[in-house]
Amino acid sequence: MTLKKYPIFLNLEGRNILIVGGGSACLEKLMGLEHTGANLHLISLEYSDEVIRFLERYPQIKRETRSVIEEDLNHRDIIFLATSDPETNQRFRTLAKNKGIWVNSVDDPKNCDFYSSSTVTVGPIQFAISTDGMFAGVSSTLRKLFEEVLPEEDHELLETIFIMRRNLKELLPNQEERRKVLKGIIQKLNSEYFHQP
């Protein structure tokens with residue numbers, strides 16, 4: 001039997017996250033972590049122009065230009081190893097594992113405790129796509145497909161539907177009453193717009 005991964009959405013607000021490396025993989029992680037409320041700390045010998053431009057928008061993100069050392073792993077909740085040196089990634093993944101810290105070693109699935117997913121956000125809805133770290137290109141293609149199927153202009157409509165549902169729960173705390181109202185709305189839409197003669 002093939003083991004499967006358990007997909008989850010993590011609440012990273014206030015969590016201490018270390019990213020080691022300053023290239024394109026680092027930028028990808030930064031973009032994914034941008035609105036999570038996590039405390040981000042970057043350590044790298046050098047940073048790409050794109051990463052520097054990203055960091056200019058977020059002065060609260062701590063950045064150091066130096067080699068990573070073992071003490072840098074202390075008091076971290078999650079670590080992303082995004083260097084181009086497999087030996088560095090392997091060494092610090094082992095050190096982090098001994099400290100009980102979860103690690104994502106970019107482009108090195110065998111040295112990962114978890115994989116980052118490719119995500120599509122449509123208003124309040126988030127889709128996560130993963131290939132178990134084996135084929136990032138497929139995840140990217142599927143993400144683009146979702147973005148085409150669920151265009152930007154639908155975001156506001158979905159947000160409105162979620163707000164209406166939340167308000168309805170307050171107006172009608174009884175689940176049976178709510179179900180009747182929602183069923184009536186669906187039947188009305190069906191009869192007016194989708195009824196087949």
Side-chain angles (χ1 to χ4, degrees), residues 1-121 126-144:
M1 184 179 72
T2 304
L3 291 176
K4 294 190 175 291
K5 305 299 181 292
Y6 184 73
I8 58 173
F9 286 89
L10 295 175
N11 177 4
L12 296 179
E13 186 177 7
R15 297 290 185 174
N16 295 319
I17 299 195
L18 173 67
I19 302 176
V20 182
S24 58
C26 169
L27 181 63
E28 182 185 313
K29 299 309 171 193
L30 284 170
M31 291 169 70
L33 293 162
E34 185 173 6
H35 301 295
T36 61
N39 301 318
L40 303 178
H41 185 171
L42 275 62
I43 299 174
S44 183
L45 290 170
E46 54 186 3
Y47 297 90
S48 69
D49 292 340
E50 292 84 359
V51 168
I52 291 169
R53 278 196 294 275
F54 182 96
L55 294 174
E56 284 171 354
R57 300 195 329 251
Y58 298 98
Q60 75 274 20
I61 296 177
K62 187 175 179 182
R63 176 182 65 164
E64 295 186 74
T65 306
R66 60 174 176 81
S67 295
V68 65
I69 58 174
E70 183 176 352
E71 286 73 20
D72 293 322
L73 307 184
N74 295 338
H75 311 296
R76 306 294 178 185
D77 295 300
I78 289 177
I79 297 170
F80 290 95
L81 296 170
T83 78
S84 55
D85 179 10
E87 287 185 17
T88 298
N89 291 345
Q90 171 64 61
R91 178 173 169 244
F92 282 95
R93 192 263 192 251
T94 301
L95 290 170
K97 190 169 184 175
N98 291 338
K99 293 173 183 283
I101 305 166
W102 282 44
V103 174
N104 174 273
S105 191
V106 178
D107 293 331
D108 188 5
K110 69 181 181 302
N111 283 314
C112 290
D113 294 307
F114 66 96
Y115 306 132
S116 297
S117 59
S118 187
T119 58
V120 180
T121 302
Q126 251 191 329
F127 295 94
I129 305 161
S130 173
T131 58
D132 273 1
M134 300 295 181
F135 202 161
V138 170
S139 294
S140 178
T141 301
L142 287 171
R143 178 178 52 78
K144 288 173 186 166

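If you're wondering where the values come from, they're calculated on a predicted model, not measured in any experiment.
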Is the backbone N or O of [Y] less than 3.5 Å from a side-chain atom of [X], with the two atoms forming a donor-acceptor pair by type?
X    : Y    : answer
Y115 : C112 : no
D77  : I17  : no
N98  : L95  : no

Crowded around [X] [atom1]? As in, over 12 foreign heavy atoms under 6.0 Å?
X   : atom1 : value
R63 : CZ    : yes
E46 : CD    : no
K97 : NZ    : no

What distance do [X] atom [atom1] and [Y] atom [atom2] have between them, rounded to the nearest 0.5 Å?
X    : Y    : atom1 : atom2 : value
I43  : I79  : CD1   : CD1   : 9.5 Å
R76  : H41  : CZ    : NE2   : 5.5 Å
I101 : L18  : CD1   : CG    : 9.0 Å
S44  : E64  : OG    : CD    : 11.5 Å
I78  : F114 : CD1   : CZ    : 4.5 Å
E50  : M31  : CD    : CE    : 10.5 Å

Closest heavy-atom pair and its distance - [X], [Y]:
X   : Y    : answer
A82 : I19  : CB-CG2, 4.5 Å
L42 : C26  : CD2-SG, 3.6 Å
A25 : V106 : CB-CG1, 3.6 Å
S84 : P86  : O-CD, 3.4 Å
L73 : A96  : CD1-N, 3.7 Å

Let me have the donor-acceptor pairs involving side chains of residues 52-60, under 3.5 Å, with sequence neighbours excluded, atom names and distances please.
from : atom 1 : to  : atom 2 : distance (Å)
R57  : NH2    : E34 : OE2    : 2.9
Y58  : OH     : E34 : OE2    : 2.3

Determine whether S24 and E28 satisfy the following criterion, side-chain hydrogen bond (donor to acceptor under 3.5 Å, both in side chains), listing intermediate values before the conclusion.
CA-CA 6 Å; S24 58; E28 182 185 313; over 6 Å; no
R93: which of N104, D113, T88 passes side-chain hydrogen bond (donor to acceptor under 3.5 Å, both in side chains):
D113
